[in-house]
Amino acid sequence: MSRKPIIAGNWKMNKKVHEANELIRELIPLVEETTVECVFCPPYIDLIEAVHLTKDTPIEIGAQNMHWEDHGAFTGEIAGDMLKDIGVKFVIIGHSERRQYNNETDEDVNKKAKKALELDMTPIVCCGETLEQREQGKAQEVVVGQVKKDLANIDDVTKVVVAYEPIWAIGTGKTATNEQADEACGWVRETVREMYGPDAAEKIRIQYGGSVKPDNIVELMAEPNIDGALVGGASLTKDFSDIVNYDKKK
Ligand code: PEP
(Lines give C-alpha, C1' and ligand atoms only; values in the text may rest on other atoms or scores of the structure.)
Protein backbone atom coordinates (compact mmCIF):
# COMPACT_ATOMS: atom_id res chain seq x y z
CA MET A 1 0.00 0.00 0.00
CA SER A 2 1.57 3.28 -1.01
CA ARG A 3 0.63 6.47 0.76
CA LYS A 4 0.85 9.68 -1.27
CA PRO A 5 3.43 11.93 0.39
CA ILE A 6 2.13 15.24 1.70
CA ILE A 7 4.33 18.28 2.27
CA ALA A 8 2.74 21.30 3.89
CA GLY A 9 4.13 24.74 4.65
CA ASN A 10 2.93 26.42 7.84
CA TRP A 11 3.58 30.12 7.31
CA LYS A 12 2.48 30.96 10.87
CA MET A 13 2.03 34.73 11.41
CA ASN A 14 4.11 35.75 8.38
CA LYS A 15 3.37 37.37 5.01
CA LYS A 16 1.06 40.28 4.32
CA VAL A 17 -1.29 39.79 1.38
CA HIS A 18 1.08 41.22 -1.22
CA GLU A 19 4.00 39.21 0.19
CA ALA A 20 1.97 36.02 0.16
CA ASN A 21 0.93 36.63 -3.44
CA GLU A 22 4.53 37.23 -4.43
CA LEU A 23 5.75 34.00 -2.83
CA ILE A 24 2.92 31.95 -4.31
CA ARG A 25 3.61 33.34 -7.80
CA GLU A 26 7.29 32.51 -7.35
CA LEU A 27 6.58 28.97 -6.17
CA ILE A 28 3.91 27.93 -8.68
CA PRO A 29 6.30 27.24 -11.60
CA LEU A 30 8.85 25.62 -9.26
CA VAL A 31 6.46 22.99 -7.93
CA GLU A 32 4.29 22.41 -10.99
CA GLU A 33 5.85 18.97 -11.62
CA THR A 34 5.36 17.81 -8.06
CA THR A 35 4.34 14.25 -7.39
CA VAL A 36 3.50 14.92 -3.73
CA GLU A 37 0.46 16.60 -2.27
CA CYS A 38 1.66 20.16 -1.73
CA VAL A 39 -0.15 22.45 0.71
CA PHE A 40 0.48 26.08 1.66
CA CYS A 41 -1.01 27.32 4.93
CA PRO A 42 -0.81 31.12 5.01
CA PRO A 43 -2.52 33.40 7.56
CA TYR A 44 -6.29 33.84 7.26
CA ILE A 45 -6.21 37.18 5.47
CA ASP A 46 -4.10 35.69 2.65
CA LEU A 47 -6.40 32.73 2.04
CA ILE A 48 -8.89 34.08 -0.50
CA GLU A 49 -6.22 35.28 -2.89
CA ALA A 50 -4.09 32.19 -2.25
CA VAL A 51 -6.97 29.93 -3.30
CA HIS A 52 -7.54 32.08 -6.37
CA LEU A 53 -3.86 32.16 -7.41
CA THR A 54 -3.37 28.41 -7.02
CA LYS A 55 -6.47 27.38 -8.97
CA ASP A 56 -5.42 24.91 -11.70
CA THR A 57 -2.05 24.28 -10.04
CA PRO A 58 -1.04 21.26 -7.93
CA ILE A 59 -0.96 23.49 -4.82
CA GLU A 60 -3.74 23.18 -2.25
CA ILE A 61 -4.44 25.80 0.37
CA GLY A 62 -4.82 25.17 4.08
CA ALA A 63 -5.63 27.29 7.12
CA GLN A 64 -3.72 27.22 10.40
CA ASN A 65 -6.73 26.81 12.69
CA MET A 66 -10.53 26.81 12.69
CA HIS A 67 -13.47 26.77 15.10
CA TRP A 68 -15.75 23.75 15.32
CA GLU A 69 -18.98 25.77 15.35
CA ASP A 70 -20.45 27.04 12.06
CA HIS A 71 -21.25 30.53 13.36
CA GLY A 72 -22.07 32.38 16.54
CA ALA A 73 -20.71 34.59 19.27
CA PHE A 74 -17.05 33.58 19.12
CA THR A 75 -15.22 36.86 18.73
CA GLY A 76 -12.05 36.58 16.70
CA GLU A 77 -12.71 33.04 15.51
CA ILE A 78 -13.10 31.62 11.99
CA ALA A 79 -15.47 28.72 11.32
CA GLY A 80 -14.44 25.68 9.32
CA ASP A 81 -17.56 26.33 7.28
CA MET A 82 -16.20 29.75 6.27
CA LEU A 83 -12.92 28.21 5.17
CA LYS A 84 -14.67 25.60 3.09
CA ASP A 85 -16.78 28.30 1.48
CA ILE A 86 -13.69 30.04 0.05
CA GLY A 87 -12.09 26.81 -1.21
CA VAL A 88 -9.70 25.93 1.61
CA LYS A 89 -9.10 22.18 1.60
CA PHE A 90 -6.78 21.59 4.57
CA VAL A 91 -6.54 22.89 8.11
CA ILE A 92 -3.77 22.54 10.67
CA ILE A 93 -5.27 21.61 14.02
CA GLY A 94 -3.70 21.57 17.47
CA HIS A 95 -0.31 23.00 16.50
CA SER A 96 1.88 23.13 19.61
CA GLU A 97 1.94 26.94 19.45
CA ARG A 98 -1.85 27.01 19.66
CA ARG A 99 -1.79 24.50 22.49
CA GLN A 100 0.80 26.64 24.29
CA TYR A 101 -0.45 30.20 23.65
CA ASN A 102 -4.18 29.60 23.17
CA ASN A 103 -4.66 26.79 25.66
CA GLU A 104 -6.02 24.37 23.07
CA THR A 105 -6.79 20.99 24.57
CA ASP A 106 -6.98 17.53 23.04
CA GLU A 107 -10.77 17.77 23.38
CA ASP A 108 -10.77 20.98 21.27
CA VAL A 109 -8.52 19.30 18.73
CA ASN A 110 -10.89 16.34 18.49
CA LYS A 111 -13.93 18.60 17.94
CA LYS A 112 -12.10 20.60 15.28
CA ALA A 113 -10.85 17.50 13.47
CA LYS A 114 -14.34 15.99 13.38
CA LYS A 115 -15.81 19.23 12.08
CA ALA A 116 -13.15 19.55 9.37
CA LEU A 117 -13.92 16.00 8.19
CA GLU A 118 -17.66 16.68 8.24
CA LEU A 119 -16.94 19.62 5.93
CA ASP A 120 -14.79 17.45 3.65
CA MET A 121 -11.59 19.24 4.59
CA THR A 122 -8.42 17.42 5.58
CA PRO A 123 -7.32 18.10 9.15
CA ILE A 124 -3.58 18.04 9.79
CA VAL A 125 -3.61 17.10 13.46
CA CYS A 126 -0.41 17.96 15.34
CA CYS A 127 1.05 16.13 18.29
CA GLY A 128 4.45 15.99 19.96
CA GLU A 129 6.31 16.12 23.23
CA THR A 130 8.34 18.83 24.97
CA LEU A 131 12.08 18.46 25.58
CA GLU A 132 11.44 17.91 29.28
CA GLN A 133 9.00 15.09 28.54
CA ARG A 134 11.51 13.46 26.18
CA GLU A 135 14.31 13.75 28.71
CA GLN A 136 12.08 12.14 31.34
CA GLY A 137 11.47 9.20 29.00
CA LYS A 138 7.82 10.16 28.55
CA ALA A 139 7.75 10.97 24.83
CA GLN A 140 5.87 7.84 23.79
CA GLU A 141 3.33 8.14 26.59
CA VAL A 142 2.65 11.79 25.67
CA VAL A 143 2.32 11.21 21.93
CA VAL A 144 0.13 8.12 22.32
CA GLY A 145 -2.05 9.94 24.87
CA GLN A 146 -2.55 12.88 22.51
CA VAL A 147 -3.36 10.68 19.52
CA LYS A 148 -5.91 8.66 21.51
CA LYS A 149 -7.79 11.80 22.51
CA ASP A 150 -7.28 13.82 19.30
CA LEU A 151 -8.49 11.00 17.04
CA ALA A 152 -11.23 9.56 19.26
CA ASN A 153 -14.49 8.49 17.60
CA ILE A 154 -13.64 9.56 14.09
CA ASP A 155 -15.66 7.96 11.27
CA ASP A 156 -12.88 7.64 8.70
CA VAL A 157 -9.50 8.24 10.29
CA THR A 158 -7.71 7.57 7.00
CA LYS A 159 -8.83 11.04 5.88
CA VAL A 160 -6.83 12.64 8.70
CA VAL A 161 -3.17 13.58 8.37
CA VAL A 162 -1.19 13.47 11.63
CA ALA A 163 1.89 15.66 12.05
CA TYR A 164 4.33 14.44 14.69
CA GLU A 165 6.22 17.54 15.77
CA PRO A 166 8.54 17.29 18.77
CA ILE A 167 8.25 20.73 20.33
CA TRP A 168 11.99 20.90 20.98
CA ALA A 169 12.62 20.67 17.24
CA ILE A 170 10.17 23.38 16.12
CA GLY A 171 11.89 26.56 14.99
CA THR A 172 15.05 25.61 16.86
CA GLY A 173 17.15 24.35 13.99
CA LYS A 174 17.39 21.11 15.97
CA THR A 175 15.92 18.26 13.92
CA ALA A 176 15.04 14.93 15.45
CA THR A 177 17.30 12.21 14.11
CA ASN A 178 15.71 10.15 11.36
CA GLU A 179 15.44 7.27 13.80
CA GLN A 180 13.72 9.39 16.49
CA ALA A 181 11.31 10.85 13.94
CA ASP A 182 10.46 7.46 12.45
CA GLU A 183 10.09 5.84 15.85
CA ALA A 184 7.59 8.47 17.00
CA CYS A 185 5.63 8.36 13.73
CA GLY A 186 5.55 4.60 14.37
CA TRP A 187 3.97 5.23 17.80
CA VAL A 188 1.27 7.26 16.05
CA ARG A 189 0.67 4.49 13.49
CA GLU A 190 0.56 1.81 16.19
CA THR A 191 -1.99 3.85 18.16
CA VAL A 192 -4.15 4.21 15.06
CA ARG A 193 -3.84 0.44 14.58
CA GLU A 194 -5.06 -0.16 18.14
CA MET A 195 -7.93 2.28 17.73
CA TYR A 196 -9.07 1.59 14.17
CA GLY A 197 -7.36 -1.59 12.94
CA PRO A 198 -4.55 -2.52 10.54
CA ASP A 199 -6.13 -1.16 7.38
CA ALA A 200 -6.53 2.34 8.85
CA ALA A 201 -2.97 2.22 10.23
CA GLU A 202 -1.64 1.27 6.83
CA LYS A 203 -3.51 4.08 5.07
CA ILE A 204 -3.18 7.06 7.42
CA ARG A 205 -0.51 9.59 6.47
CA ILE A 206 1.90 10.78 9.12
CA GLN A 207 4.15 13.79 8.69
CA TYR A 208 7.25 14.74 10.61
CA GLY A 209 7.70 18.42 11.52
CA GLY A 210 10.56 20.23 13.22
CA SER A 211 13.29 22.15 11.40
CA VAL A 212 12.79 20.31 8.11
CA LYS A 213 15.04 21.80 5.41
CA PRO A 214 16.12 21.01 1.86
CA ASP A 215 19.18 19.21 3.23
CA ASN A 216 17.40 16.80 5.59
CA ILE A 217 14.13 16.08 3.77
CA VAL A 218 15.46 13.25 1.58
CA GLU A 219 16.64 11.14 4.49
CA LEU A 220 13.52 11.83 6.56
CA MET A 221 11.27 10.78 3.67
CA ALA A 222 13.23 7.54 3.29
CA GLU A 223 11.96 6.38 6.71
CA PRO A 224 9.12 3.85 6.54
CA ASN A 225 6.67 5.61 8.86
CA ILE A 226 7.20 9.15 7.54
CA ASP A 227 4.80 10.14 4.75
CA GLY A 228 5.54 13.83 4.54
CA ALA A 229 6.57 16.96 6.37
CA LEU A 230 5.00 19.95 8.05
CA VAL A 231 7.46 22.77 7.49
CA GLY A 232 7.58 26.13 9.28
CA GLY A 233 10.55 28.43 8.72
CA ALA A 234 11.75 26.77 5.52
CA SER A 235 8.36 27.22 3.85
CA LEU A 236 8.69 31.00 3.77
CA THR A 237 10.98 31.33 0.75
CA LYS A 238 11.17 29.86 -2.70
CA ASP A 239 13.58 27.24 -1.30
CA PHE A 240 10.45 25.44 -0.11
CA SER A 241 10.32 24.08 -3.65
CA ASP A 242 13.53 22.12 -2.91
CA ILE A 243 11.67 20.38 -0.08
CA VAL A 244 8.58 19.71 -2.20
CA ASN A 245 10.80 18.38 -5.01
CA TYR A 246 12.90 16.20 -2.67
CA ASP A 247 12.19 13.14 -4.80
CA LYS A 248 13.73 14.78 -7.87
CA LYS A 249 17.15 15.24 -6.24
CA LYS A 250 19.91 13.16 -7.81
C1 PEP B 1 6.05 24.03 12.56
O2 PEP B 1 5.81 25.07 13.11
O3 PEP B 1 5.12 23.27 12.27
C4 PEP B 1 7.44 23.71 12.26
C5 PEP B 1 7.74 22.47 12.04
O6 PEP B 1 8.32 24.75 12.25
P7 PEP B 1 9.88 24.69 11.79
O8 PEP B 1 9.92 23.94 10.49
O9 PEP B 1 10.28 26.12 11.64
O10 PEP B 1 10.62 23.98 12.86
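Side-chain atoms are counted along with the backbone in the values below, which use heavy atoms only and exclude waters and symmetry mates. One-based numbering, in listed order, for ligands and for the atoms of each.
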Atom indices of ligand 1, in the order listed, that fall short of 4.0 Å to a heavy atom of [X]:
| X | result |
| --- | --- |
| Gly210 | 5 (C), 10 (O) |
| Asn10 | 2 (O), 3 (O) |
| Gly171 | 7 (P), 9 (O), 10 (O) |
| Ala169 | 10 (O) |

Return yes when His95 approaches ligand 1 closer than 4.0 angstrom through a heavy atom, no otherwise. yes
Should Ala234 be listed as contacting ligand 1, given a heavy-atom distance under 4.0 Å as the test? no
Just need the protein heavy atom nearest to [atom], so name the residue and atom and give the distance.
| atom | value |
| --- | --- |
| atom 8 (O) of ligand 1 | Gly232 N, 2.8 Å |
| atom 5 (C) of ligand 1 | Glu165 OE2, 3.0 Å |
| atom 9 (O) of ligand 1 | Gly233 N, 2.8 Å |

When you look at Asp70 and Lys115, which way does the salt bridge (Lys or Arg N to Asp or Glu O under 4.0 Å) test go after all the steps? CA-CA 9 Å; Asp70 290 337; Lys115 187 66 187 188; 3.0 Å; yes
Beyond-backbone contact of Pro43 with Gln64, side-chain heavy atoms, under 4.5 angstrom: yes
Counting C-beta onward and ignoring hydrogens, is there a side-chain heavy-atom pair between Glu26 and Leu23 closer than 4.5 Å? yes
Using the side chain to side chain contact (heavy atoms under 4.5 Å, CB included) rule, take Val142 and Gln146 through it: C-alpha gap first, then chi angles, then the decisive distance, then the call. CA-CA 6 Å; Val142 169; Gln146 286 176 329; 4.2 Å; yes
Take the angle between the ring planes of Trp187 and Tyr164 and call it parallel below 30°, perpendicular above 60°, tilted in between. perpendicular
Counting only heavy atoms, which portion of Ile170 has something under 4.0 Å from ligand 1: side chain, backbone, both, or neither? both
Just heavy atoms, cut-off under 4.0 Å: does Ala163 contact ligand 1 by side chain, backbone, both, or neither? neither
Heavy atoms only: give me the nearest Thr191-Val144 pair and the separation to one decimal. OG1-CG2, 3.5 Å
Can you tell me how far the OG1 atom of Thr175 sits from the CG atom of Asn216, to the nearest 0.5 Å? 4.5 Å
Should Ser211 be counted as touching ligand 1, given the test is an N or O pair under 3.5 Å? yes
Apply the salt bridge (charged side-chain N to carboxylate O under 4.0 Å, His left out) test between Asp227 and each candidate in Lys203, Arg189, Arg205; give the one that qualifies. Arg189
